[in-house]
2 protein chains.
Amino acid sequence: MTSLPTGHLGEVDPTSDRAVFRQIADQLREAIDRGRFREGEKLPSEAELVDHYGVSRMTVRNSFSILQGEGLVHAEHGKGVFVRPRPPVRRLASDRFARRHRDQGKSAFIVEADAAGSHPQVDSLEVKEEKATQDISTRLGSARKVLARRRRYLLDGRPVEFAASYLPLDIARGTQIAEPNPGPGGIYARLEELGHRLDHFEEEIRARMPSPAEVKTLRLASGVPVIHLIRTAYDTEGRAVEVCDTVMAADAYVLSYQLPAT
Amino acid sequence: MTSLPTGHLGEVDPTSDRAVFRQIADQLREAIDRGRFREGEKLPSEAELVDHYGVSRMTVRNSFSILQGEGLVHAEHGKGVFVRPRPPVRRLASDRFARRHRDQGKSAFIVEADAAGSHPQVDSLEVKEEKATQDISTRLGSARKVLARRRRYLLDGRPVEFAASYLPLDIARGTQIAEPNPGPGGIYARLEELGHRLDHFEEEIRARMPSPAEVKTLRLASGVPVIHLIRTAYDTEGRAVEVCDTVMAADAYVLSYQLPAT
DNA sequence: CTCCTTTAGGTATCTAGACGAGTGGGCGAG
DNA sequence: CTCGCCCACTCGTCTAGATACCTAAAGGAG
């Protein structure tokens, strides 16, 4: 017995209740979990599995599609099917908007990524005035027109996050917030300079599968969900002065919050 | 033209770069987004789409499997393929562990769900002593043996959350925390009675696709991610006194946090 | 040595058909 | 009228094979 590519795998029972393609997926999954196939390593090809199990090619592909849906493997056309490596994650701490982080010349994202030794980029900047959607309008206390700032964040060339900030036009129009580069400390620093002292933020977090547009923008592999975060910033008067709608590749993030127990 | 079941759908271009099954999925997705098919409504059957588009059945099934992966539709054997209804969501506010919520006789989950008009249940209770995993041990400050409390939460009969609490054995052994029913206010109230006044919580949030075991436990439809939340409770001495590992059906939850801007 | 072509081995897509199995309505027996 | 069976419709699984296209390495032309 040489080290056959399918050496770790057993057989399937066609008479079992469990469908053959699920049995094959189970065996591959277990082999991956046990480290028989390591991260980035190539799995046996479709043809090899067809031979090994004595099933048709569609059945093998069906198995692969299960594992892809679980985000365990990814297929590369012409090369093979590989165990998906777990990418480095970015931790978002709940104090990331603390005032003390707001004095540097660069954005929080750049500073943080540099510190972590990654290569950060910000991309597809768009700043324009537009009509607020129903949801944004509600969150901003019925603002009708807003300034929208959209950008994409990349880490080592990989898109990880797409964010859109919305501010009521009566606050943002004509200020540096309406410029592509909002200056040191970002828009929160500018808001405070404009007299809107920030009081607190509210963050709503959901997770779901991405839309096709999000798959494209974030270059998501199949089986990777997104984290959808909607943050509303309130000033000390209780007015909502900004809503930031962020979609993150879930495999690239861990969010971290600290809560008082009082 | 009567109201054919496929009346809203166009044609496909086999010469297009975009694969036929993707084109079909696109058309169905758009029809759903536009409300041509409503929540819970049945889509055209495979056979009808085969006739309409003039493709083979595998191609149509391929389209359906895309939409299933996106969590947009679900198939019911013998009945058809249906637009997946968006279930009611449970909002988790960041003050849900505030001391003022800790005096009632029932658990926070029960109280909250009752208030929202849902029928809550707690299930598969397991309380036992065990060896801590590496991760849990680290989070609990190198505790080796722990008390583990596992339970599943259901809303209107649907499982929505599976949670496991771990406490250092030297704190929990022999106390009411080791009983199936920890009493009014839950284990946090008991911890404080034991002299561990709670100072703050730390929550880590991830999103990912569920493992097969999680699919089973939470009866998840395909295309539904899970939110994985790990909460560590610290007492005023800075000691980690509990770790709670929670897996939630992502389509049933919105997490909400309030952050100070200081 | 460099660059292009060929080729072997991958996956992507599609067809056509077969059988299995869950669901629900119609219809006949009682 | 009611109950139970049958059947039509539906999705689930599997086979067998064809074509297309991608990738990498080998080999030949310059």
Side-chain angles (χ1 to χ4, degrees), chain A residues 4-6 11-28 37 40-69 72-84 212 215 221-223, chain B residues 4-6 11-28 37 40-69 72-84 212 215 221-223:
Chain A
L4 296 171
T6 54
E11 298 176 1
V12 289
D13 172 12
T15 68
S16 159
D17 274 351
R18 192 151 180 86
V20 172
F21 73 89
R22 286 184 210 284
Q23 294 180 51
I24 296 177
D26 289 345
Q27 290 188 19
L28 291 170
F37 301 109
E41 198 174 334
K42 185 175 166 303
L43 271 71
S45 74
E46 295 178 351
E48 282 164 348
L49 291 172
V50 163
D51 285 349
H52 178 85
Y53 286 114
V55 298
S56 86
R57 195 168 149 247
M58 280 304 296
T59 304
V60 169
R61 283 184 59 75
N62 229 331
S63 310
F64 278 156
S65 88
I66 287 187
L67 300 179
Q68 272 188 57
L72 270 180
V73 306
H74 68 109
E76 292 182 33
H77 194 161
K79 295 169 80 175
V81 177
F82 301 83
V83 178
R84 197 135 68 71
V215 168
S222 67
Chain B
L4 296 172
T6 54
E11 298 175 2
V12 289
D13 172 13
T15 69
S16 158
D17 274 351
R18 192 151 179 86
V20 172
F21 74 87
R22 286 184 212 284
Q23 295 180 50
I24 296 177
D26 290 344
Q27 290 188 19
L28 291 169
F37 301 109
E41 197 173 339
K42 186 175 167 304
L43 293 175
S45 75
E46 295 178 352
E48 281 164 350
L49 290 173
V50 163
D51 286 347
H52 178 84
Y53 287 115
V55 296
S56 85
R57 188 167 157 240
M58 282 304 295
T59 304
V60 169
R61 282 184 61 76
N62 228 331
S63 309
F64 278 156
S65 89
I66 287 187
L67 300 178
Q68 272 187 57
L72 271 179
V73 306
H74 68 109
E76 291 182 33
H77 194 165
K79 296 167 84 173
V81 177
F82 300 83
V83 179
R84 197 135 67 71
V215 167
S222 66

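Just the heavy atoms: all of them, side chains too, but no hydrogens, waters or symmetry mates, feed the values below. Here is the naming used below: chain letters follow the sequence lines, and residue numbers restart at 1 for every chain.
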Interatomic distance where CG belongs to Asn62(B) and P belongs to dA16(C) [whole Å]: 16 Å
Selected nucleotide, minimal atom distance to Lys79(A) side chain, candidates dA18(C), dA24(D), dA16(C): dA24(D)
Candidate nucleotides dA20(D), dA21(C), dC14(D), ranked by approach to the side chain of His77(A) - the nearest: dA20(D)
For atom CG of Asp13(B) and atom P of dC14(C), their distance in whole Å: 12 Å
Between P of dT15(D) and OH of Tyr53(A), the distance in whole Å: 14 Å
Check: dA12(C) base within 3.5 Å donor-acceptor of Arg22(B) side chain: no
Donor on one side chain, acceptor on other, Gln27(A) and Tyr53(A), under 3.5 Å: yes
Comparing Gly78(A) and Thr59(A) on DNA chain D - which has the more 5′ nearest nucleotide: Thr59(A)
Closest-nucleotide ordering on DNA chain D, the 5'-leading residue of Pro14(A) and Arg57(A): Pro14(A)
Arg61(B) side chain near Glu46(B) side chain, heavy-atom distance below 4.5 Å: yes
Net bend of the helix from dC1(C)-dG30(D) to dG30(C)-dC1(D), end axes of five pairs each, nearest 10 degrees: 10°
Close side-chain approach of Leu28(A) and Ile66(A), heavy atoms under 4.5 Å: no
Length of the line joining His74(B):NE2 and dT10(D):C1', which is rounded to integer Å: 14 Å
From dT13(C), dA12(C), dC11(D), nucleotide with atom closest to Ser45(B) side chain: dC11(D)
Distance, rounded to the nearest Å, where Leu49(B) contributes CG and dC14(C) contributes P: 14 Å
Carboxylate-amine/guanidinium contact Asp13(A) Arg18(A), below 4.0 Å: no
Side chain of Glu48(B) - closest among dT11(C), dT10(D), dC14(C): dT10(D)
Given dA18(C), dC14(D), dA12(C), the nucleotide with the shortest approach to the side chain of Arg61(A): dA12(C)
Among dT13(D), dT15(D), dT15(C), the one nearest Ser56(A) by side-chain distance: dT15(D)
Ile24(B) CD1 to dC14(C) C1', straight-line distance once rounded to whole Å: 11 Å
Within-4.5 Å side-chain heavy-atom neighbours: Val81(A) and His74(A): no
Phe21(A) side-chain proximity, nearest of dC14(C), dA12(C), dT13(D): dT13(D)
Nearest-neighbour nucleotide for the Met58(B) side chain, dT10(D), dT11(C), dA16(C) considered: dA16(C)
Over 12 foreign heavy atoms within 6.0 Å of CD, Glu76(A): yes
Heavy-atom side-chain contact between Ser16(B) and Gln23(B) under 4.5 Å: yes
Verdict with reasoning, Phe82(B) to Leu43(B), per side-chain contact (heavy atoms from CB on, under 4.5 Å): CA-CA 6 Å; Phe82(B) 300 83; Leu43(B) 293 175; over 6 Å; no
Interatomic distance, Glu76(B) CD vs dT10(D) C1' [rounded to whole Å]: 11 Å
Which nucleotide in dT13(D), dG12(D), dT11(C) has an atom nearest any side-chain atom of Glu46(B): dG12(D)
Separation of atom CZ in Arg18(A) from atom C1' in dG12(D), rounded to whole Å: 14 Å
